[in-house]
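Here the structure is laid out as structure tokens; the discussion comes afterwards.
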Amino acid sequence: QVQFVESGGGLVQPGGSLRLSCAASGSIESIYAMGWYRQAPGKQRELVARISSGGSTNYADSVKGRFTISRDVDENTVYLQMNNLKPEDTAVYYCNRYYLTNSWGQGTEVIVSS
């Protein structure tokens, strides 16, 4: 069974940066498309960024130009570099397969506030 462990969240001021990590175990995840999702308080989980097995990327309009998704095949890890953070980015961030979604992990919390 595949497991995803998110890390790297924290409290930052508006305009700051964070780098989130998603470590996969239990299977070879480098061959699958992966996505970063987030869930803000009182709202549904939404897709933020996606990376295909071939390396192509897609982003939600709200984060385009500020966030970058990437992967390290050898380390079996997916990253989300977040720059110029805004209060609207406050949420718990999760990673998962884009297709055939696995069970959700604990996520990592990002709080953007002055």
Legend entry - Hydrophobic cluster identity match, Val78 and Val2, side-chain contacts under 4.5 Å: yes
Legend entry - Counterpart residues, side chain to side chain donor-acceptor pair (under 3.5 Å), relative to Ser56 (two or more places apart): Ser52
Inset, instruction - List in chain and number order the residues that pass side chain to side chain donor-acceptor pair (under 3.5 Å) with Thr57, two or more places apart in sequence or in another chain; answer none if no residue qualifies. - result: none
Inset, instruction - Check side chain to side chain contact (heavy atoms under 4.5 Å, CB included) between Ser21 and all other residues, then give those that pass, not counting sequence neighbours. - result: Ser7, Thr77, Tyr79
Inset, instruction - Write out all pairs satisfying disulfide bond (SG atoms under 2.5 Å apart) with one or both partners inside residues 69-111, taking only residues at least two apart or from two chains. - result: Cys22-Cys95
Inset, instruction - Could you tell me whether Glu46 atom CD has more than 12 heavy atoms of other residues or ligands within 6.0 Å of it? - result: yes
Legend entry - Fellow cluster residues of Ile111, listed by chain then number, with links counted only when side-chain atoms sit under 4.5 Å apart: Leu11
Legend entry - Nearest-0.5 Å distance, CE of residue Met34 to OG of residue Ser53: 12.0 Å
Inset, instruction - Among residues two or more places apart or on two chains, list those pairs meeting ring-ring contact (aromatic ring centres under 6.0 Å, His included) that have a residue in residues 36-76. - result: Tyr37-Trp104
Legend entry - Pairs touching residues 72-81 that satisfy salt bridge (Lys or Arg N to Asp or Glu O under 4.0 Å), sequence neighbours left out: none
Inset, instruction - Output all residues satisfying salt bridge (charged side-chain N to carboxylate O under 4.0 Å, His left out) with Lys64, sequence neighbours left out; order by chain, then residue number. - result: Asp61
Inset, instruction - Let me know which of Leu20, Asn58, Val63, Leu80 forms a side-chain contact (heavy atoms from CB on, under 4.5 Å) with Ile69. - result: Leu80
Inset, instruction - Enter the distance from Leu47:CG to Arg45:CZ here, rounded to the nearest 0.5 Å. - result: 11.5 Å
Inset, instruction - For residues 84-95, pull every pair meeting side chain to side chain donor-acceptor pair (under 3.5 Å), keeping only residues two or more places apart or in separate chains. - result: Arg38-Asp89, Arg38-Tyr93, Arg66-Asp89
Legend entry - Leu85 with Val48, same ILVMFWY side-chain cluster at under 4.5 Å: yes
Going by atom type alone, with no hydrogens or angles, which donor-acceptor pairs under 3.5 Å involve a side-chain atom of residues 12-19 and a protein atom two or more places apart or on another chain?
{"from": "Ser17", "atom 1": "OG", "to": "Asn83", "atom 2": "OD1", "distance (Å)": "3.0"}
{"from": "Arg19", "atom 1": "NH1", "to": "Gln81", "atom 2": "OE1", "distance (Å)": "3.4"}

Inset, instruction - Ignoring hydrogens and angles, tell me if any N or O in the side chain of Asn102 forms a donor-acceptor pair with the backbone of Asn96 under 3.5 Å. - result: no
